[in-house]
Novice: 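I have a structure here, written as structure tokens, and I will follow up with some questions on it.
Computed over heavy atoms, backbone and side chain alike; hydrogens, waters and symmetry mates excluded.
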Amino acid sequence: MAQTANPSFDSRLFRDVTGRFATGVTVISFMREGAPAGMTVNAFMSVSLAPPLVLVSVRRESSFNDHVRVGSRYGVNILAEDQQHLGSEFSAPFRPDREVAFSMHEGTPLLENSLAHLLARVVDIRLAGDHLLHLAEVESLMLGKEAKPLIFFTGRYKQIDAHEPSMQWSALDGW
């Protein structure tokens with residue numbers, strides 16, 4: 001698909017606008033040359049329940065694409081707010097000497113103490129502009145610890161404070 005540059009399009013404004021969409025933070029874990037590796041991703045989403053599919057959007061230049069292909073497995077580690085250091089750690093270039101606690105599940109590394117984990121096998125990879133979309137079928141699900149999630153909003157990690165609702169609505173209220 002040929003890409004045509006629109007000189008009037010403001011890519012900085014596009015980033016600012018889409019940055020107003022709060023997302024959770026995940027580390028996508030995979031095997032890299034026989035060692036556990038990971039990459040921080042907030043462009044993750046569920047796609048389908050039947051079959052159970054998830055999608056990760058990755059820059060075309062990312063070395064992740066050299067290691068994860070159709071048929072490969074990756075782990076999705078949903079981070080808690082006390083794991084912000086892991087989000088920062090896996091945003092940096094790969095270092096084989098990283099000291100991070102991984103546990104192996106069916107040959108795929110997963111980060112310990114995350115909120116939840118998905119283990120998925122890539123079924124398709126599609127080009128989408130300057131990114132590749134890795135569509136994967138979920139093979140395993142695991143709930144982790146109970147904690148607040150790590151949130152990414154306006155280009156920064158955020159913490160949320162959940163409050164109990166002041167009113168409760170019922171079907172009798174007309175809603």
Side-chain angles (χ1 to χ4, degrees), residues 15-32 35-59 62-64 67-68 72-123 131 133-170 175:
R15 251 186 120 147
D16 290 346
V17 168
T18 58
R20 299 287 173 121
F21 179 66
T23 64
V25 181
T26 66
V27 170
I28 305 304
S29 52
F30 57 99
M31 293 302 290
R32 178 185 176 131
M39 173 183 66
T40 302
V41 171
N42 68 332
F44 160 78
M45 65 181 284
S46 64
V47 175
S48 169
L49 289 174
L53 299 172
V54 294
L55 181 132
V56 176
S57 179
V58 180
R59 281 181 310 109
S62 173
S63 65
F64 174 86
H67 304 282
V68 178
S72 300
R73 280 191 179 128
Y74 63 74
V76 179
N77 306 273
I78 301 172
L79 300 187
E81 68 179 17
D82 66 354
Q83 293 178 301
Q84 180 175 330
H85 66 286
L86 292 174
S88 299
E89 177 72 23
F90 287 104
S91 294
F94 176 73
R95 287 190 344 263
D97 63 336
R98 278 190 176 134
E99 292 189 26
V100 176
F102 284 104
S103 59
M104 297 301 286
H105 185 77
E106 298 179 26
T108 302
L110 296 174
L111 288 171
E112 295 180 1
N113 299 312
S114 295
L115 292 178
H117 304 279
L118 295 93
L119 180 64
R121 183 177 303 279
V122 178
V123 295
H131 279 61
L133 305 177
H134 292 256
L135 183 67
E137 187 165 358
V138 177
E139 295 181 341
S140 296
L141 300 166
M142 292 155 275
L143 287 174
K145 66 183 181 182
E146 286 285 328
K148 291 181 183 177
L150 181 60
I151 302 297
F152 195 73
F153 180 72
T154 62
R156 295 191 168 102
Y157 292 121
K158 302 286 183 173
Q159 297 175 351
I160 60 172
D161 287 317
H163 300 285
E164 292 296 319
S166 57
M167 293 188 238
Q168 291 188 343
W169 299 95
S170 71
W175 290 92

Novice: Do Val41 and Phe152 have side chains that get closer than 4.5 Å, going by heavy atoms?
Specialist: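 Of all side-chain heavy-atom pairs linking Phe152 with Val41, none is under 4.5 Å.
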Novice: Answer yes or no: is there a side-chain heavy-atom contact under 4.5 Å between Leu79 and Val27?
Specialist: yes
Novice: Taking it one step at a time, do Met31 and Met104 satisfy side-chain contact (heavy atoms from CB on, under 4.5 Å)?
Specialist: CA-CA 10 Å; Met31 293 302 290; Met104 297 301 286; 3.7 Å; yes
Novice: Calculate, to the nearest 0.5 Å, the distance between atoms OG and CG belonging to Ser103 and Leu110 respectively.
Specialist: 5.5 Å
Novice: Does the side chain of Leu86 come within less than 4.5 Å of Leu111's, by heavy atoms?
Specialist: yes
Novice: Nearest 0.5 angstrom please: Met45 CE to Leu133 CG, how far?
Specialist: 10.0 Å
Novice: How many angstroms lie between CG in Leu115 and CG in Asp82, if you round to the nearest 0.5 Å?
Specialist: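 Going from CG on Leu115 over to CG on Asp82, the span is 8.0 Å.
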Novice: Taking all heavy atoms of Met39 and all of Ser62, pick out the closest pair and write down the distance.
Specialist: SD-OG, 3.6 Å
Novice: Below 4.5 Å, heavy atoms only, C-beta onward: do His134 and Leu55 meet side chain to side chain?
Specialist: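 With C-beta onward as the side chain, the pair stays apart.
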Novice: Apply the test side-chain contact (heavy atoms from CB on, under 4.5 Å) to residues Leu119 and Arg73: give CA-CA distance (whole Å), side-chain angles for both, the deciding distance (0.1 Å), then the verdict.
Specialist: CA-CA 7 Å; Leu119 180 64; Arg73 280 191 179 128; 4.0 Å; yes
Novice: Atom CD of Glu89 and atom CD of Gln84: how far apart are they, to the nearest 0.5 Å?
Specialist: 13.0 Å
Novice: Does some side-chain heavy atom of Asn77 sit less than 4.5 Å from a side-chain heavy atom of Thr26?
Specialist: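 No - every pair of side-chain heavy atoms lies 4.5 Å or more apart.
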Novice: To the closest 0.5 Å, what do you measure between OG (Ser57) and CG (Leu135)?
Specialist: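 It comes to 12.0 Å.
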Novice: Which atoms form the tightest heavy-atom contact between Pro109 and Phe102, and what is the distance?
Specialist: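 Scanning both residues completely, I find the closest heavy atoms to be CB-CD2, 3.6 Å.
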Novice: Indicate yes or no: does Glu139 engage Arg121 in a salt bridge with an N to O separation below 4.0 Å.
Specialist: yes
Novice: Hey, does Val56 have a side-chain heavy atom less than 4.5 Å from the side chain of Val58?
Specialist: yes
Novice: Under the criterion side-chain contact (heavy atoms from CB on, under 4.5 Å), I'd like the reasoning laid out for Leu53 against Val138: C-alpha separation, chi angles, the key distance, then a yes or no.
Specialist: CA-CA 6 Å; Leu53 299 172; Val138 177; over 6 Å; no
Novice: Tell me, do Tyr74 and Val54 make a side-chain contact under 4.5 Å, heavy atoms counted?
Specialist: yes
Novice: Take Met142 and His105 through the side-chain contact (heavy atoms from CB on, under 4.5 Å) test and state the conclusion after the steps.
Specialist: CA-CA 11 Å; Met142 292 155 275; His105 185 77; 3.9 Å; yes
Novice: If you compare all heavy atoms of Gln83 against all heavy atoms of Asn113, which two are closest, and at what distance to 0.1 Å?
Specialist: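 Distance-wise, the nearest heavy atoms are NE2-O, 3.1 Å.
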Novice: Return the minimal non-hydrogen interatomic distance between Ala37 and Arg32, and the atom names on each side.
Specialist: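 It is CB-CB, 3.7 Å.
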Novice: Nearest 0.5 angstrom please: Ser140 OG to Glu106 CD, how far?
Specialist: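 Interatomic distance, Ser140 OG to Glu106 CD, rounded to 0.5 Å: 4.0 Å.
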Novice: Just by modelled atom types, is the Ala116 backbone N or O under 3.5 Å from a matching donor or acceptor in the Ser114 side chain?
Specialist: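 No: the side chain of Ser114 does not pair with the backbone of Ala116.
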